[in-house]
Amino acid sequence: MKADEDLQNVGRVGLPLAPAFNWSVGNWMEQFFDGLKERKIMASKCGLCGRVFLPPRMICERCFAKTEEWVEIPETGTVEAFTAAHVRVGPDGELADLPEPQLIALVKHDEADTLLVAGLVAKNASAGMRVRVVWNETPSGALDAISCYEPMD
Amino acid sequence: MNKEVAVIGYAQTLYEEDADASREMLTLRAAREALVSAGLKREDVSTVVTATNDYLDGRTISNMRTVEPSGASQKDESKVEMDGAFAALYAIMRILSGFHDVAMVIGVSLASVYATYLPGIMILDPTWDRERGLLNEVSAAALQANCYMREYGVSDEQIASVSAKNLDNAARNPLALRQMPGLSVEQVLDSRMLYSPIRELNAWPATDGACAVVLASGKTAAKAEKPVWVKGVGLCHDSYLTERPLAVMESLKLAAEACYKQAGITDPASQIDLAEIHENFAHEELMAYEALGFCEEGKGGELIESGITQIDGGLPVNASGGALGANAVCATGLARIAEAAMQVVGEAGDHQVPGVKTALAHGQSGPCAQDNVVFILGGD
Ligand SMILES: [Zn+2]
């Protein structure tokens, strides 16, 4: 930057652009959501390599093929890893401190090969711990049907 | 690759928290200075590849009005919606096609005008993770760090050592944003906890800035004052973060293998003199040591403890301060190329490492370093 360059910015304006979008979730996610509403965890399975996708994916990227099979997955699993969230992303897009740390876990459901991310409510959380789904008693839809995970014992 | 493409010019703007300049002016400064560095004029450039991002700009066609200050008026021009390191790969391909002689590559963004952590949510799976509201770039990285630490017994102190090293190095780089001379591991471990184990000083700082790199064909580069040859390039894409093992950077490993094959690198730790790694989070640098073959799998923590990757060690990593020192999204990986080239030329000033003949530059994109690109640059 050179001092003789008159390149400075004069100010900023807010951009009054806030479009809302709808997203076609695809037939597989729709079936997954329908299952969640009945407290069923449905996953898709690759007919070629047997990989079980949760949430269900329509394509097995390794086999370059459509997944055609459905399997119902137990509501139990294992914590692969977890983090204690001391912050959250606020509505302004910045990190705001939480009053109490909250645990976020990567859970591998029994019989599934991929991971789900959800809250974990446990006093002494540890990687490798066995957990089960806590269902939301009053879900507003499918997305919040799984409330969090809790220790199995 | 044998003297087919070279970096012949580079420039970076000052990295700032809140630059008093528009993205257009930052782009113009970087482009003009890169041309001066290359000893060329705008007329000599035949193709321009820019790296900008629609979601960081709150608009579509984020290269509108940044194409012109890139010098692309009435020229062959294209945009990469990823880091500029990926744009550099496309520029190399355009030159290798034989249709282009000189390419300008530019990455730019202004963190001060967007909501810092919202774009990192927009990149998640929109049917599930984005809507569930728990994942963002930092929490996803924290889950990865936990997977890595658990798998290999890596400690908080070893991860904090990366921050202490890079932010101390940044103090020698006049362009870096977060300059913290003498920063200790304890100070890093005392910084604000975000998502365990990631603290403020383990994570990138929101940054405004731009980087430009000029690439040329072998014929033109041979006449340049300071050609830094591209000896090899490797690119690899990996699965979405919940569908791959997070304790290893498999796509970086595959990208490095492809790059090393072209560059004739069989023993990276001894053949590479310096590396610039795109570490958005401190633990990623340790994981990258392993994926790049600087040490065995799981030994990244021990490698940082050995001191080899310090600026005065045998294989300095991020002498510039890396992405922890400044992270203008879209410019960060490209800046690793500029920094690596600068070290080979010997123009890095206070953070110059003596005798750099072969340097590695790395760029990444996507949550938990989903996509990776690796370059080997060399003087002769
Ligand atoms: Zn398959």
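What you see below is based on every heavy atom in this structure, not just the backbone, and it leaves out hydrogens, waters and symmetry mates. Everything numeric in this text was worked out from a predicted model, so none of it was measured. Quick note on labels: first sequence line is chain A, next is B, and so on, each numbered from 1.
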Closest non-hydrogen atom pair between Gly93(A) and Leu118(B), with its separation: CA-CG, 3.6 Å
Thr242(B) side, atom OG1; Asp113(A) side, atom CG - distance, nearest 0.5 Å: 12.0 Å
CZ/Arg65(B): more than 12 non-hydrogen atoms of other groups inside 6.0 Å: no
Nearest non-hydrogen partners of Arg62(A) and Asp238(B), listed with the distance: NH2-OD1, 4.3 Å
Atom of Met193(B), atom of Val87(A) and distance for their closest heavy-atom approach: O-CG1, 4.1 Å
Contacts with chain A made by residues 194-204 of chain B (heavy-atom distance under 4.5 Å), listed by residue number: Leu194(B), Tyr195(B), Ser196(B)
Gap separating the CZ atom of Arg130(B) from the CH2 atom of Trp23(A), nearest 0.5 angstrom: 7.0 Å
Carboxylate-amine/guanidinium proximity below 4.0 Å for Asp97(A) and Arg192(B): yes
Other residues, nucleotides, ligands: >12 heavy atoms within 6.0 Å of Met58(A) CE: yes
Side chain / backbone / both / neither for Val107(A) at chain B, heavy atoms under 4.5 Å: neither
Greatest number of heavy atom pairs closer than 4.5 Å to chain B - which of Val89(A), Asp144(A), Asp92(A): Val89(A)
Separation between CG of Leu143(B) and OG1 of Thr83(A), rounded to the nearest 0.5 Å: 6.0 Å
Rounded distance [0.5 Å steps], CZ in Phe33(A) versus CH2 in Trp128(B): 6.5 Å
Heavy-atom contact with chain B under 4.5 Å, split by part of Ala96(A): backbone
Could you list the donor-acceptor pairs under 3.5 angstrom formed between side-chain atoms of residues 115-134 of chain A and any protein atom two or more places apart in sequence or on another chain?
from, atom 1, to, atom 2, distance (Å)
Arg130(A), NH1, Gly77(A), O, 3.3
Arg130(A), NH1, Thr78(A), OG1, 3.1
Arg130(A), NH1, Asp110(A), OD1, 2.9
Arg130(A), NH2, Asp110(A), OD2, 2.9

Chain B interface, residue from Thr114(A), Leu54(A), Leu95(A), Leu98(A) that has the most non-hydrogen pairs under 4.5 Å: Leu95(A)
Heavy-atom donor-acceptor pair, Arg57(A) side chain to Glu243(B) backbone, under 3.5 Å: no
Shortest non-hydrogen separation from Leu143(A) to Thr127(B) and the atoms involved: CD2-O, 3.9 Å
Leu134(B) versus chain A, the contacting section by heavy-atom distance below 4.5 Å: both
Pairs of heavy atoms under 4.5 Å with chain A: top-ranked of Thr116(B), Leu241(B), Val138(B), Asn136(B): Thr116(B)
Gap between atom CG of Asn146(B) and atom CD of Glu80(A) - 0.5 Å precision: 12.0 Å
Donor-acceptor pair, side chain of Glu61(A) and main chain of Ser239(B), under 3.5 angstrom: no
Glu94(A) atom CD, over 12 foreign heavy atoms within 6.0 Å: yes
